[in-house]
Asker: 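Sending over a structure as structure tokens; questions will come in a sec.
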Amino acid sequence: MLLKNTGKLAGRTVFISGASRGIGREIALKLAKDKANIIIAAKTADPHPKLPGTIYTVAKEIEAAGGKALPCVVDIRDEKQVIDSVEKAVATFGGIDILVNNASAISLTKTIDTDMKRYDLMHSINGRGTFLVSKVCAPYLKKGQNSHILNISPPLNLNPKWFQNHVAYTIAKYNMSLFALGMAEEFRGDGIAVNCLWPKTAIFTAAMEMLGGGGGVKDQCRKPEIMSDSAYAILCKDSTKHTGYFYIDEDVLKSEGITDFSPYVYNTETEPMMDFFLDENHRSIHSSQYGILTNSGSGVSSSESAPQPQPSQSTTSAAGGGSNEVSQVFEKLKGIISEDIVKNTNAVFQFEIKGDNGGSWYLDLKNNPGSIGLGEPKTKSDVTLILNEVDFVKIFSGKMNPTTAYMTGKLKMKGDITKAMALDKLMGKIKSKL
């Protein structure tokens, strides 16, 4: 969007997994402007009832942008489909110069709530799929021109908060980054750069809209073009000099001289929420900067000592409440609940609020006419939300986005997270009344 195309990738052949929509599609369109050859490797051959885009619609967009397109129906879990698509790409364009491992699966569920089918899906796509496509493309990348592998995956942040709420997804996603860490060294002598790219903030895509409970989360996100511009900048770098990096999109563009990121947002008056796996002030990092433990257990590159355990916060009993901000919020909610809200939300929420004025509360927006009270609901809750009283008040006063609170570890959940995301959508409608 802001980063101009230079034509450096003209005639280069790029294999992109998961390119039928979202970030993968945007990267394909950016590279197409350089007149690159793009292999669109994705499962979506037929239109999805809820998600836009197929490999064929994207192929038309690529050709309209100036590139050449080869749409291939590929499930990256299927070795034969991957091999066939790579061989077809080589037969069509003469080789492969760039691989973008973008395909990914996500399920933000805790251990007990993660069924093994979903677990296997995440690990077979994120980890195994990335390895398989890289393995099959590698012989051609060795012969390619300024060859790159770029994984859309995060830096390896071992802060426990990024594991506690969705450990299966975190490890599946980190597998992509671990493969980049290893392959960067493995293929260094072959002149193949292997790097990762991750957004500093949430990116609005169809998947994000579904996870966020609707289009209301859009104002909290940046546009996918910030990732395509960053990917373009990385893929234009000398592959023999720029490998083993875990890039953050904003850092990449700053290094290209871009300091104004407002064109990448949907709402300039709203601060975009930080993405998963990034702590405050997290920057791009090279693999050589990761700490390694010696046999004695001392850190080679880490100068920080382990944090000391902190006393746990106490929670008040369900008999809590009384005249305080928490109970005032629930009192206001009682006056707002309507038949339409109950019908459209269709969920029962249990709140475990920590603090002197917290306690256990429920919000029944499933059974007409809706109800609120202390203790547990008559109908089993769909999801339990755990947070402190200060953050609870911030969320219901519109000062904190529920999705942001969850992604930063301030809000913990048990149960059906998709139902919890409906709370985010609800807040967008009623916050002015609270």
Asker: Side chains of Asp97 and Ser147: is there a donor and an acceptor less than 3.5 Å apart?
Answerer: no

Asker: Check whether Arg12 reaches the backbone of Gln145 with its side chain - one donor and one acceptor, N or O, closer than 3.5 Å.
Answerer: yes

Asker: Return yes if a side-chain donor-acceptor contact under 3.5 Å exists between Asn126 and Ser104, otherwise no.
Answerer: yes

Asker: Do the side chain of Trp198 and the main chain of Phe276 share a donor and acceptor less than 3.5 angstrom apart?
Answerer: yes

Asker: Between Met183 and Ser134, does a side-chain contact (heavy atoms from CB on, under 4.5 Å) hold up when you go through it step by step?
Answerer: CA-CA 9 Å; Met183 290 181 188; Ser134 301; 3.8 Å; yes

Asker: Are Lys412 and Glu352 ion-paired here, with the side-chain N under 4.0 Å from a carboxylate O?
Answerer: no

Asker: Taking NZ, NE, NH1 and NH2 as the nitrogens, is one of them in Lys254 or Glu250 under 4.0 Å from a carboxylate oxygen of the other?
Answerer: yes

Asker: If we ignore angles and hydrogens, is there a donor and acceptor under 3.5 Å between the side chains of Asn175 and Thr130?
Answerer: no

Asker: May I have the step-by-step check of ring-ring contact (aromatic ring centres under 6.0 Å, His included) for Tyr362 and Phe351, ending in yes or no?
Answerer: CA-CA 6 Å; Tyr362 68 85; Phe351 294 89; 9.9 Å; no

Asker: Please report the shortest heavy-atom distance between Ile372 and Trp361, naming the atom on each side.
Answerer: CG2-CE3, 4.5 Å

Asker: Would you mind checking if Lys30 and Asp229 are paired as a salt bridge, meaning a charged N to carboxylate O distance below 4.0 Å?
Answerer: yes

Asker: Rounded to the nearest 0.5 Å, how far apart are CG of Leu31 and OG1 of Thr13?
Answerer: 11.0 Å

Asker: Are a donor atom and an acceptor atom from the side chains of Asn195 and Asn151 found within less than 3.5 Å of each other?
Answerer: no

Asker: Any side-chain heavy atom of Trp162 within less than 4.5 Å of one from Asn159?
Answerer: yes

Asker: Got a list of side-chain donor-acceptor pairs under 3.5 Å for residues 240-248, not counting sequence neighbours?
Answerer:
unit_1: Thr240; atom_1: OG1; unit_2: Asp238; atom_2: OD1; d: 2.7
unit_1: Thr240; atom_1: OG1; unit_2: Asp238; atom_2: OD2; d: 3.4
unit_1: Thr243; atom_1: OG1; unit_2: Val194; atom_2: N; d: 2.9

Asker: For Lys60, is there an ion pair with Glu63 - N to carboxylate O distance below 4.0 angstrom?
Answerer: no

Asker: Between Asn146 and Ser239, is there a side-chain donor-acceptor contact under 3.5 Å, judged purely by atom types and distance?
Answerer: yes

Asker: Would you say Asp219's side chain and Asn267's backbone share a donor-acceptor pair under 3.5 angstrom?
Answerer: no

Asker: What pairs of residues pass the ring-ring contact (aromatic ring centres under 6.0 Å, His included) test when at least one of them lies in residues 125-159, not counting sequence neighbours?
Answerer: Phe131-Phe179

Asker: Are Thr109 and Tyr169 close enough that a side-chain donor and a side-chain acceptor fall under 3.5 Å?
Answerer: no

Asker: May I ask you to establish whether Arg222 and Tyr266 are in a cation-pi arrangement, using a distance under 6.0 Å from NZ or CZ to the six-membered ring centre and at most 45° from the ring axis?
Answerer: no

Asker: Using side-chain heavy atoms (C-beta onward) and a distance below 4.5 Å, is Val348 in contact with Lys380?
Answerer: no

Asker: Quick one: are Asn157 and His282 in side-chain contact, heavy atoms under 4.5 Å?
Answerer: yes

Asker: Please enumerate all residues that pass salt bridge (charged side-chain N to carboxylate O under 4.0 Å, His left out) together with Asp84, with sequence neighbours excluded.
Answerer: Lys80

